[in-house]
Amino acid sequence: MKTILTRRELLSGTALLAAGTVASPLVRGLSAPPAIEPATRRTPVLAQYEELQFGVSYHFSMNTFTGNDYETGGVPARTYNPSKLDVRQWIRVAHDLGARYAVITAKHMSGFCLWDSEGYDYDVAASGNKTDVVAEFFAACKEYGLQPGLYYCILDPHNEGKFDWDSHVPDPYYKLIKQHLTELHTRYRTPFYQLLDITWKINQEQRWELYRLIKSMSPDCIIVMNQAFYQSKRNLGRICEPASWPTDVINTEDTLPPPEGHDPNIKFEGKTYYMPMEAWIPTGPPYKPMPPMHSWFWREGFQTQDPQVIANVYRDCKQRKSNLLLNLSPNTSGRLPDQTVQTMQQVAKLIKQ
């Protein structure tokens, strides 16, 4: 039988319930949920991340096929056409190197997606090779025991209609960003890590919205809002830039941790947070159009750096209490070049000494 309460009864019952909540600490259901924000202490998730210590990222997208690290997405989707795509090879090399997690450029600044995005025509489904690279990546990580992670670039001239490092993204594109991140965190279970790049192009409210959106789908996901090259050179990861907040991890791009080592107790706006550090280091040659940066994507003439240089980076990061995210660059065949594979084999020997 359906019971209908009068307004007086409803208000009376609500008052009694409120009084009971104040009087009895046993009533927990009405308490506010815990805030979704960066941690103020070393949580089990952050402890696991620190224990992993060593990851590998892969820059592979439309940029690989145009030879331009800063490809703007002005070429047709069919330009992307790896002839011998082998994502298992990428992850096998990382496994043999000793890496424990891996990160893929699901969407770089060209706007090209390495998965078939719903209602979107600049992705693998419209290209010369329709393989869902993100799905292949997650499967390979599972096979070789690495934790899978994702990279997503906010800067996107293809979807913004112009190449501008600093202007805020238009509303239709911001809506697409949320769609893309939702697809990535619901189709591919479960991302351990999410890096968002060029985050100053969205405002603080939008950064918080994306942070909480990702956590709502992948609660234990480590979120990294990249500090980018010049910011990293300026602060060495000792602080968090406001345009990279909120973030679970302090990172540096193409920059080593501070010589004194990383202190995870980071203050932001007067509050202390517990934030591990990650140095994100490319292994490519200098990027001639923008020195002193190094190349992230493969191009003709690409040579991976000397194995001793890379081994020294690994040791520096470990000694300075920082994770290392080492970048590798598959070529247009969709495989890591033989020179890169041989270099990583040498690096593996050096870091085990």
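None of these values were measured; they are calculated from a predicted model.
Using the six-membered ring where Trp is involved, Y151 and W280 have ring planes that are tilted, between 30° and 60° apart. The aromatic rings of Y70 and W165 lie perpendicular to each other, with more than 60° between the two planes, well past the 30° mark. Taking the six-membered ring for Trp and thresholds of 30 and 60 degrees, H95 and Y144 have ring planes inclined between 30 and 60 degrees apart. In this pair, H59 and F297 present their aromatic rings perpendicular. The plane angle is above 60°, beyond the 30 to 60° band.
Other residues, nucleotides and ligands place more than 12 heavy atoms under 6.0 Å from the CZ atom of R189. In the displayed structure, K318 atom NZ is contacted under 6.0 Å by at most 12 heavy atoms of other residues, nucleotides or ligands. Within a 6.0 Å sphere centred on CD of E205, heavy atoms belonging to other residues, nucleotides or ligands number 12 at most. Annotation for E118: atom CD does not count as buried by contact number, only 12 or fewer foreign heavy atoms lying within 6.0 Å.
Side-chain contact check for E209 and Y174: at least one donor-acceptor pair (N or O, by modelled atom type) lies under 3.5 Å. A donor atom on one side chain and an acceptor atom on the other are found under 3.5 Å apart for Y49 and E278. Remark: the Q204 side chain and the W245 side chain contain no N/O donor-acceptor pair separated by less than 3.5 Å. At a cut-off of 3.5 Å, with distance as the only test, no side-chain donor of Y122 or H158 sits close to an acceptor on the other residue. Q342 and Q346 form no side-chain donor-acceptor contact under 3.5 Å, judged by distance and modelled atom types alone. Checking E183 against S117 by side-chain atom types alone, a donor-acceptor pair falls below 3.5 Å. Checking Q206 against H168 by side-chain atom types alone, no donor-acceptor pair falls below 3.5 Å. With no hydrogens or angles considered, a side-chain donor-acceptor pair links R299 and S295 at under 3.5 Å.
Residues F112 and Y120 keep their aromatic ring centres 6.0 Å or farther apart. In this structure, Y273 has its ring center at least 6.0 angstrom away from the ring center of F268. Ring centroids of W90 and F137 are separated by 6.0 Å or more, keeping the two rings apart.
The backbone N or O of D164 lies less than 3.5 Å from a partner atom in the side chain of K201, making a donor-acceptor pair. Within the 3.5 Å criterion, the main-chain N or O of G284 finds a donor-acceptor partner in the side chain of Q305. Not a single donor-acceptor pair under 3.5 Å links the side chain of N251 to the backbone N or O of A279. The closest donor-acceptor contact from the side chain of S110 to the backbone of G73 lies at 3.5 Å or more, if one exists at all. The main-chain N or O of L336 is never found under 3.5 Å from a side-chain atom of T340 such that the two would form a donor-acceptor pair. For the pair D69 (side chain) and W296 (backbone), a donor-acceptor distance under 3.5 Å is present. The backbone N or O of Q339 sits nowhere less than 3.5 Å from a side-chain atom of T304 that would complete a donor-acceptor pair. Panel note: side chain T247, backbone V249; a donor-acceptor pair is recorded below 3.5 Å. In this structure a side-chain-to-backbone donor-acceptor pair under 3.5 Å is present from N129 to P82. Within the 3.5 Å criterion, the main-chain N or O of S232 finds no donor-acceptor partner in the side chain of E253.
The minimum heavy-atom distance between A228 and Q231, with the atom names listed, is CB-OE1, 3.4 Å. Here the closest non-hydrogen pair linking P157 and T72 is CB-O, 3.6 Å. Pairing each heavy atom of L326 with each of F54, the nearest pair is CB-CE1, 4.0 Å. For the residue pair R207 and I202, the shortest heavy atom distance occurs at NH1-O, 2.7 Å.
When the options L46, T43, D248 are evaluated for a side-chain contact (heavy atoms from CB on, under 4.5 Å) with Y274, the one that passes is L46.
Residue pairs meeting the salt bridge (Lys or Arg N to Asp or Glu O under 4.0 Å) criterion with at least one partner in residues 45-67, sequence neighbours excluded, are R42-E50. Listed by first then second residue, pairs satisfying side chain to side chain donor-acceptor pair (under 3.5 Å) with a partner in residues 283-292 read N68-Y287, not counting sequence neighbours.
Looking at D123 and K130, no side-chain N of the basic residue comes within less than 4.0 Å of a carboxylate O on the acidic one, giving no salt bridge.
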